[in-house]
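Here's the structure, in structure tokens; my notes come after.
Remember, predicted model here, so these are calculated numbers, not experimental data.
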Amino acid sequence: MQTKTNSLAPHPVLTQAQTNSTLWVGHLHTDPNDHFAGQTFTCPAEGNLHNIQLYSAAVHAAGEMQLTLHEFDSRSRNWGPALGASSVAVQKQDHAKWLRFELPHVPLRKGASYAFRIQASDAMIGLGEAATGNHSPFTFGQEWSADSRNAEGQFYAYFSLAFKLELCA
């Protein structure tokens with residue numbers, strides 16, 4: 001027997017929960033540079049975005065993290081204007097936890113490319129990530145890493161942040 005999914009309830013449509021490494025985001029007081037992270041993805045379903053969750057592997061300095069969602073051109077690697085934004089106050093005890101960024105119900109299209117960026121100007125948080133090593137690259141998107149010296153950053157097909165994408169579809 002098949003059950004019908006309630007269209008109002010959010011459900012995960014893309015989950016990458018593997019972690020074997022850590023990517024640091026934020027500002028360490030002894031380092032003059034801010035460190036940023038992000039993730040591109042191809043949306044596997046049609047629906048309204050409800051939240052994006054990131055895995056906090058470590059919290060060196062508590063503070064506020066900001067996430068922005070963008071349309072993304074994967075060919076030219078251009079970020080479109082922000083479609084939505086959210087922030088979360090991260091505490092020291094939030095290590096080894098999923099951080100939920102509630103977002104406005106932005107409609108996402110199946111097969112379209114999107115990306116989110118994370119920054120924290122007054123905190124330093126280690127986000128869980130997966131590195132595939134010599135295995136095949138992630139097919140749903142790429143991790144992005146930048147700092148205030150190189151705001152354009154780099155994209156990595158063999159790395160992915162640990163994240164969950166939930167839609168109301």
Side-chain angles (χ1 to χ4, degrees), residues 1-23 25 35-57 64-90 94 96-120 125-133 135-146 151-169:
M1 173 183 222
Q2 275 187 311
T3 58
K4 188 175 180 182
T5 304
N6 181 347
S7 63
L8 300 178
H11 61 279
V13 295
L14 183 58
T15 300
Q16 194 303 103
Q18 179 185 352
T19 63
N20 57 16
S21 186
T22 303
L23 180 64
V25 175
H35 299 271
F36 314 108
Q39 179 70 46
T40 70
F41 63 92
T42 301
C43 193
E46 190 104 4
N48 290 323
L49 178 64
H50 186 268
N51 69 73
I52 296 173
Q53 298 173 47
L54 297 170
Y55 186 75
S56 168
E64 186 174 80
M65 287 185 75
Q66 298 87 27
L67 179 143
T68 55
L69 175 72
H70 305 261
E71 283 193 25
F72 186 75
D73 183 333
S74 55
R75 286 190 192 123
S76 64
R77 293 186 171 165
N78 284 328
W79 299 77
L83 301 172
S86 181
S87 62
V88 170
V90 180
D94 288 336
K97 289 185 179 179
W98 287 96
L99 305 173
R100 180 185 298 262
F101 292 85
E102 302 283 341
L103 287 145
H105 293 270
V106 177
L108 300 184
R109 298 178 319 278
K110 180 178 181 176
S113 293
Y114 299 93
F116 57 85
R117 292 184 194 195
I118 304 102
Q119 66 180 39
I125 293 120
L127 297 176
E129 69 175 349
T132 63
H135 304 291
S136 59
F138 290 102
T139 58
F140 57 82
Q142 298 181 348
E143 184 178 287
W144 173 78
S145 177
E152 194 172 303
Q154 299 291 321
F155 292 89
Y156 302 96
Y158 290 90
F159 287 89
S160 173
L161 292 177
F163 73 100
K164 297 178 184 179
L165 177 73
E166 290 193 351
L167 299 181
C168 296

Qualifying salt bridge (charged side-chain N to carboxylate O under 4.0 Å, His left out) pairs, either residue in residues 154-169, two or more places apart: Arg100-Glu166
Kindly state each residue pair satisfying salt bridge (charged side-chain N to carboxylate O under 4.0 Å, His left out) with at least one member in residues 154-163, sequence neighbours excluded. none
Which donor-acceptor pairs under 3.5 Å do side chains of residues 64-74 form with protein atoms, sequence neighbours excluded?
unit_1 : atom_1 : unit_2 : atom_2 : d
Glu64  : OE1    : Gln66  : NE2    : 3.1
Thr68  : OG1    : His70  : NE2    : 2.8
His70  : ND1    : Gly80  : O      : 2.8
Asp73  : OD1    : Arg75  : N      : 3.0
Asp73  : OD1    : Ser76  : N      : 3.2
Asp73  : OD2    : Ser76  : OG     : 3.2

Residues two or more places apart in sequence or in another chain: which of them pass side-chain contact (heavy atoms from CB on, under 4.5 Å) with Pro107? Asn48
Tell me, please, which residues at least two apart from Ala89 pass side-chain contact (heavy atoms from CB on, under 4.5 Å). Gln91
From the options Ile118, Val90, Ile52, select the one residue that forms a side chain to side chain contact (heavy atoms under 4.5 Å, CB included) with Leu99. Val90
Side chain to side chain contact (heavy atoms under 4.5 Å, CB included) with Leu167: of Cys43, Pro44, Pro10, only one passes, and it is Cys43
So Gln39 and Ser160, do their side chains get closer than 4.5 Å, heavy atoms only? yes
Could you label the plane-to-plane angle of the Phe116 and Phe41 rings as parallel, tilted or perpendicular, counting under 30° as parallel and over 60° as perpendicular? tilted
The salt bridge (Lys or Arg N to Asp or Glu O under 4.0 Å) partners of Lys97 (sequence neighbours excluded) come to Asp94
Could you pull out all residues at least two apart from Phe101 that satisfy ring-ring contact (aromatic ring centres under 6.0 Å, His included)? none
Test ring-ring contact (aromatic ring centres under 6.0 Å, His included) applied to Phe138 - qualifying residues, sequence neighbours left out: Phe140
Any chance you could lay out the side chain to side chain contact (heavy atoms under 4.5 Å, CB included) test for Leu83 and Tyr114, step after step, and finish with the verdict? CA-CA 10 Å; Leu83 301 172; Tyr114 299 93; 4.0 Å; yes
Are the side chain of [X] and the backbone of [Y] linked by a donor-acceptor contact shorter than 3.5 Å?
{"X": "Glu46", "Y": "Lys110", "result": "yes"}
{"X": "Trp144", "Y": "Glu152", "result": "yes"}
{"X": "Thr132", "Y": "Pro137", "result": "no"}

Checking His50 now: which residues fulfil side-chain hydrogen bond (donor to acceptor under 3.5 Å, both in side chains) with it, not counting sequence neighbours? none
side-chain hydrogen bond (donor to acceptor under 3.5 Å, both in side chains) involving Glu102 - partner list, sequence neighbours excluded: none
Between CG on residue Asn51 and CG on residue Leu103, distance to nearest 0.5 Å: 7.5 Å
Ala115 versus Trp79, closest heavy-atom pair with distance: CB-CZ3, 3.3 Å
Sequence neighbours excluded and cut-off under 3.5 Å, please list the side-chain donor-acceptor pairs for residues 12-21, or say none.
unit_1 : atom_1 : unit_2 : atom_2 : d
Gln16  : OE1    : Gln18  : N      : 2.9
Gln16  : NE2    : Gln18  : O      : 3.3
Gln16  : NE2    : Leu161 : O      : 3.0
Asn20  : OD1    : Ala131 : N      : 2.8
Asn20  : ND2    : Ala131 : O      : 3.1
Ser21  : OG     : Glu129 : OE2    : 3.0

